[in-house]
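All figures in this text were calculated on a predicted structure; none of them were measured in a lab.
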Amino acid sequence: MKKVLAITLAAVCCLTLVFSLAACKGGSGKYAEMQAQVASLQQTMEEQGLNMTITGDGNKLIYTYTYPSEVPDVMGDALESALQAQSSTFESIAETLKQAVDVDNPVVVVRYLSSDGTEICSMEFGA
């Protein structure tokens with residue numbers, strides 16, 4: 001379980017870096033650079049045994065992490081605690097979305113799923 005939490009926190013740090021760089025860069029290369037950073041983050045997560053997808057839906061940026069195997073029931077509580085501890089990071093990412101895309105009230109959604117698609121934990125963070 002410690003490994004899973006370490007992976008979660010590493011993902012949060014990487015996401016913060018991705019959006020921090022995106023907010024600082026200007027010009028047409030920003031999208032391509034961000035795409036490359038996201039692809040690199042996805043590969044890193046897969047190497048750690050966690051599938052990550054990033055999607056958009058309306059004003060929401062959705063991070064979905066899927067574990068390749070079943071996880072213990074207590075994992076949901078641990079993930080929720082880790083997300084709550086990092087809430088300011090995700091709120092900062094939501095705030096950065098205002099600069100990157102034209103959307104009112106951006107929301108970052110973080111979802112963790114087990115291998116069968118069952119939701120383990122999900123939280124939303126506003127700007």
**Study point:** Heavy-atom pair of closest approach, residues Glu91 and Gly126
**Key:** CG-O, 3.3 Å
Check your understanding: Short question: side chain of Ser81, backbone of Asp77 - any donor-acceptor pair under 3.5 Å?
Key -> yes
Exercise for review: Could you tell me whether the side chain of Thr96 and the main chain of Ser92 form a donor-acceptor pair under 3.5 Å?
Suggested key: yes
Check your understanding: Is the closest side-chain donor-acceptor distance between Ser87 and Gln84 under 3.5 Å?
Key -> no
Practice item. Would you kindly confirm whether Met52 and Tyr112 end up in one hydrophobic cluster when ILVMFWY residues are joined by side chain heavy atoms under 4.5 Å apart? Key: yes
Practice item. Can you establish whether the number of heavy atoms outside Asp104 located under 6.0 Å from its atom CG is more than 12? Key: no
Point to revise | Any Glu124 side-chain heavy atom under 4.5 Å of Lys60 side chain | key: yes
Check your understanding: Would you find a donor on one side and an acceptor on the other, under 3.5 Å apart, between the side chain of Asn59 and the backbone of Asn105?
Key -> yes
**Study point:** Straight-line distance of Ser122 OG to Glu80 CD, nearest 0.5 Å
**Key:** 9.5 Å
Review point. Under a 4.5 Å cut-off applied to non-hydrogen side-chain atoms, are Glu46 and Asn51 in contact?
Key: yes
Review point. With side chains defined as the heavy atoms from C-beta onward, is the minimum distance between Val110 and Tyr65 less than 4.5 Å?
Key: yes
**Study point:** Taking every non-hydrogen atom, the tightest pair across Ala94 and Pro106
**Key:** O-CG, 3.1 Å
Review point. Side-chain heavy atoms under 4.5 angstrom apart, residues restricted to Ile, Leu, Val, Met, Phe, Trp, Tyr: same cluster for Leu113 and Leu83?
Key: no
Review point. Is there a chain of hydrophobic side chains (I, L, V, M, F, W, Y, each step under 4.5 Å between heavy atoms) that links Ile62 to Ile120?
Key: no
Review point. Under 4.5 Å between any side-chain heavy atoms of Tyr63 and Val109, yes or no?
Key: no
Check your understanding: Does Leu61 belong to the same Ile/Leu/Val/Met/Phe/Trp/Tyr cluster as Phe125, with side-chain heavy atoms less than 4.5 Å apart forming each link?
Key -> yes
Check your understanding: Measuring from Arg111:CZ to Leu79:CG, what's the distance to the nearest 0.5 Å?
Key -> 13.5 Å
